[in-house]
Each structure stands twice: as C-alpha cells, then as structure tokens.
There are 2 protein chains.
Amino acid sequence: MEPLQVIAAPRRMRILELVWDRELPAGDIAAEFDVSWSAVSQHLTVLKQAGFLVERREGTSRFYRADKEALGPLRAVVEDHWRRSLNLIKHLAEAEEGQCSK
Amino acid sequence: MEPLQVIAAPRRMRILELVWDRELPAGDIAAEFDVSWSAVSQHLTVLKQAGFLVERREGTSRFYRADKEALGPLRAVVEDHWRRSLNLIKHLAEAEEGQCSK
DNA sequence: ATCTTAATTTAGATTCATCTAAAATAAGGA
DNA sequence: TCCTTATTTTAGATGAATCTAAATTAAGAT
C-alpha cells in the first residue's frame, strides 16, 4: 500500500498518534476505539507492513510503537495533524469555559 | 473534506502536479486523464474547496493553478511524491536501456 | 491436556469515494 | 435568438476500503 494511503485513513492516523512516543499493547490501542479489535488489528497490520510501526512480542502480548524515521516527509504531516487536533480540543475547551451554559 | 484526504486521492495528486507551476484550463487537465471530464471537474471542485487550487475565469474557460502556500506541511508531501515519481520513471528508463531486449 | 488471555485471520457485509451519463449552466459568436 | 464551446452539476452505478462476527493461533497458567 502506498505510504500516503496508509496514513490517510483517520483510524490509522489516530493509532500512529497513540504510539507516537510510547509503546502500547494491541489491546490498549484497540480499547481507544469503538470498533472491533479485529478492525484495529487489521489497521495495525497495514501500518506494520508500511514500516511505520515496530512490533515487540512478549508472552501473549504484542507491543507497538511508531517508527518516526520511517515516515520520511510524512512525519511532519502526522506531527501537524496531532498539533492541530490538540489545538482544536483546546479551543473547544475554551469555548465551553467561556459560555458556561450548563 | 480533510486536507490529507484531499491530496491522498491519486488523481488529485496528479492534478496538483499538472498545475504546480503553470496555469491550465480545465479542459487541458481533463485531457491528461482517461476518465470523463465530469470526474476531473469533481476533483477540481474538491481541490478548490480545500483551497489548494486557485481559479481564474476568462470567457467560457476556467484556468487552474496550484496554491503551494495553502498546502502547508502537505506541500513537502506533494513535492516528495513528484520527485519519487520522476525517479521511478528514470529507473525504469535506465533498466529498459540496460537490457535492450527488444 | 485443558483453560484463559491476547491478538490475528478469514469471510462476508457495509459504506463511501469515485466514476459515468445525461442534463444544466454560462459566455460568446452567427 | 439559436448554436457552439467549455465546464459543471446531478443522479445513479461501481468498486475498494473498512467493518463485524466467528474461527484460529499462540503463550502461559491450572
């Protein structure tokens, strides 16, 4: 699969962000989404095949972590996406605080 | 539509490259593809809405040109994609020349 | 051996982006 | 006004990516 297509899927972008600077077991990643583990596992496979994710096995668990270097120029895209998501959340929080309509 | 989704479509990536450093009428762009003008027009609309394309009208024609600034960090992705495509073509040509199997 | 936990794989269903075809718009010339 | 050229818009068809559910693998504990 083409690198751009790999990170263009919102779910996969989100997964990358989750394991951006820490290792997580597949289960913890799956728990972040309200889709089946199966679906998440399939996304992990795509990311792994693209080389964007490194896998470490330990017992029955599998840990994943982003491989930032492998992303090349796409790294900046992921970082920008993350930055903008945080900004969005911040702005929403401020708006919430501002009106206090509850 | 999300910026990343906009450039992730191969056809739209190709369109961006076509009007990267020159203006082209919609017709000339459509002529580059073997799909209907309608399909190309729809892609132009998506790119325009994302702000990645500027439109200039003159008589019955519409000219399009890429807005590189508007692409932000995605600009590097498009440029990289283009560079790699050229490289691929170059390598294919060299391989062809090397074997001369015709 | 069997059970449990963690995760993947497979097969089929669903959804969404893209495509085609046809009708519509818009500008300008005969 | 009618025709032509250039392009878009709309509506419906198609296909690829993603999803669910169920079966499968794999490691370790009882």
**Student:** Give every residue pair that meets the salt bridge (charged side-chain N to carboxylate O under 4.0 Å, His left out) criterion with at least one member in residues 16-29 of chain B, sequence neighbours excluded.
**Tutor:**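 Those involving residues 16-29 of chain B are E23(B)-R56(B).
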**Student:** Test of understanding: clusters of I, L, V, M, F, W, Y form through side-chain heavy atoms closer than 4.5 Å, transitively. Do L71(A) and L18(A) belong to the same one?
**Tutor:**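 The answer is yes; both residues are in one hydrophobic cluster.
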**Student:** Tell me the interatomic distance from H43(A), atom NE2, to dA7(C), atom P, rounded to whole angstroms.
**Tutor:**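 Value for this atom pair: 17 Å.
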**Student:** Can you name the side-chain hydrogen bond (donor to acceptor under 3.5 Å, both in side chains) partners of Q5(A), sequence neighbours left out?
**Tutor:**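 Q5(A) satisfies side-chain hydrogen bond (donor to acceptor under 3.5 Å, both in side chains) with no other residue.
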**Student:** Side-chain donor-acceptor contacts of residues 82-94 of chain B below 3.5 Å, not counting sequence neighbours, with atom names and distances?
**Tutor:**
residue	atom	partner	partner atom	Å
R83(B)	NH2	D80(B)	OD1	2.4
R84(B)	NE	D80(B)	OD2	3.3
S85(B)	OG	H81(B)	O	2.8

**Student:** Considering only heavy atoms, which members of residues 20-38 of chain B lie under 4.0 Å from some atom of DNA chain D?
**Tutor:**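 Result for residues 20-38 of chain B: P25(B), A26(B), G27(B), W37(B), S38(B), sorted by number.
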**Student:** Please give me every residue in residues 45-65 of chain A whose heavy atoms get under 4.0 Å of an atom in DNA chain D, ordered by residue number.
**Tutor:**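 Here the set is G59(A), T60(A).
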**Student:** Could you point out which residue of I7(B), L16(B), V6(B) forms a side-chain contact (heavy atoms from CB on, under 4.5 Å) with L74(B)?
**Tutor:**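 Looking at I7(B), L16(B), V6(B), the match for L74(B) under the side-chain contact (heavy atoms from CB on, under 4.5 Å) is I7(B).
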**Student:** Touch check for Q5(B), heavy atoms < 4.0 angstrom, all strands: base, sugar-phosphate only, or nothing?
**Tutor:**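 Touches nothing.
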**Student:** Are F33(A) and F63(A) grouped together when hydrophobic residues (ILVMFWY) are joined by side-chain heavy atoms under 4.5 angstrom apart?
**Tutor:**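 No, F33(A) and F63(A) fall in different hydrophobic clusters.
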**Student:** Hey, where on DNA chain D does chain B first and last touch, going 5' to 3'? Cut-off is any atom under 4.0 Å from a heavy atom.
**Tutor:**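 Contact boundaries, 5' end first: dT5(D) to dT10(D).
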**Student:** Is the shortest heavy-atom distance from the side chain of P3(A) to the side chain of F52(A) under 4.5 Å?
**Tutor:**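 Contact flag for P3(A)/F52(A) side chains = yes.
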**Student:** Expressed as a whole number of angstroms, how long is the span from Q42(A):CD to dT8(C):P?
**Tutor:**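 Roughly 10 Å, once rounded to whole Å.
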**Student:** Apply side-chain contact (heavy atoms from CB on, under 4.5 Å) to A39(B) and list each qualifying residue two or more places apart in sequence or on a separate chain.
**Tutor:**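 So A39(B) forms a side-chain contact (heavy atoms from CB on, under 4.5 Å) with V35(B), S36(B).
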**Student:** Of all residues at least two apart in sequence or in a different chain, which pass the salt bridge (Lys or Arg N to Asp or Glu O under 4.0 Å) check with R11(B)?
**Tutor:**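 For R11(B) there are no salt bridge (Lys or Arg N to Asp or Glu O under 4.0 Å) partners, ignoring immediate neighbours.
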**Student:** For R14(B) and dC19(C), what is the distance between atoms CZ and P respectively, to the nearest whole Å?
**Tutor:**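 In whole Å, dC19(C) P and R14(B) CZ are 13 Å from each other.
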**Student:** Which pairs with one or both residues in residues 63-75 of chain A pass salt bridge (charged side-chain N to carboxylate O under 4.0 Å, His left out), sequence neighbours excluded?
**Tutor:**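 Every salt bridge (charged side-chain N to carboxylate O under 4.0 Å, His left out) pair that includes a residue of residues 63-75 of chain A, provided the two are not neighbours, is E69(A)-R75(A), R75(A)-E79(A).
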**Student:** Give the rounded distance in Å between these two atoms: CZ of R11(A) and P of dT14(C).
**Tutor:**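 My rounded result for the distance is 18 Å.
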**Student:** Under 3.5 Å, side-chain donor or acceptor atoms of residues 42-51 of chain A against the rest of the protein: list the pairs with distances, not counting sequence neighbours.
**Tutor:**
residue	atom	partner	partner atom	Å
Q42(A)	NE2	S38(A)	O	3.3
Q42(A)	NE2	S38(A)	OG	3.0
H43(A)	ND1	R12(A)	NH1	3.1
T45(A)	OG1	S41(A)	O	3.0
K48(A)	NZ	E55(A)	OE1	2.8

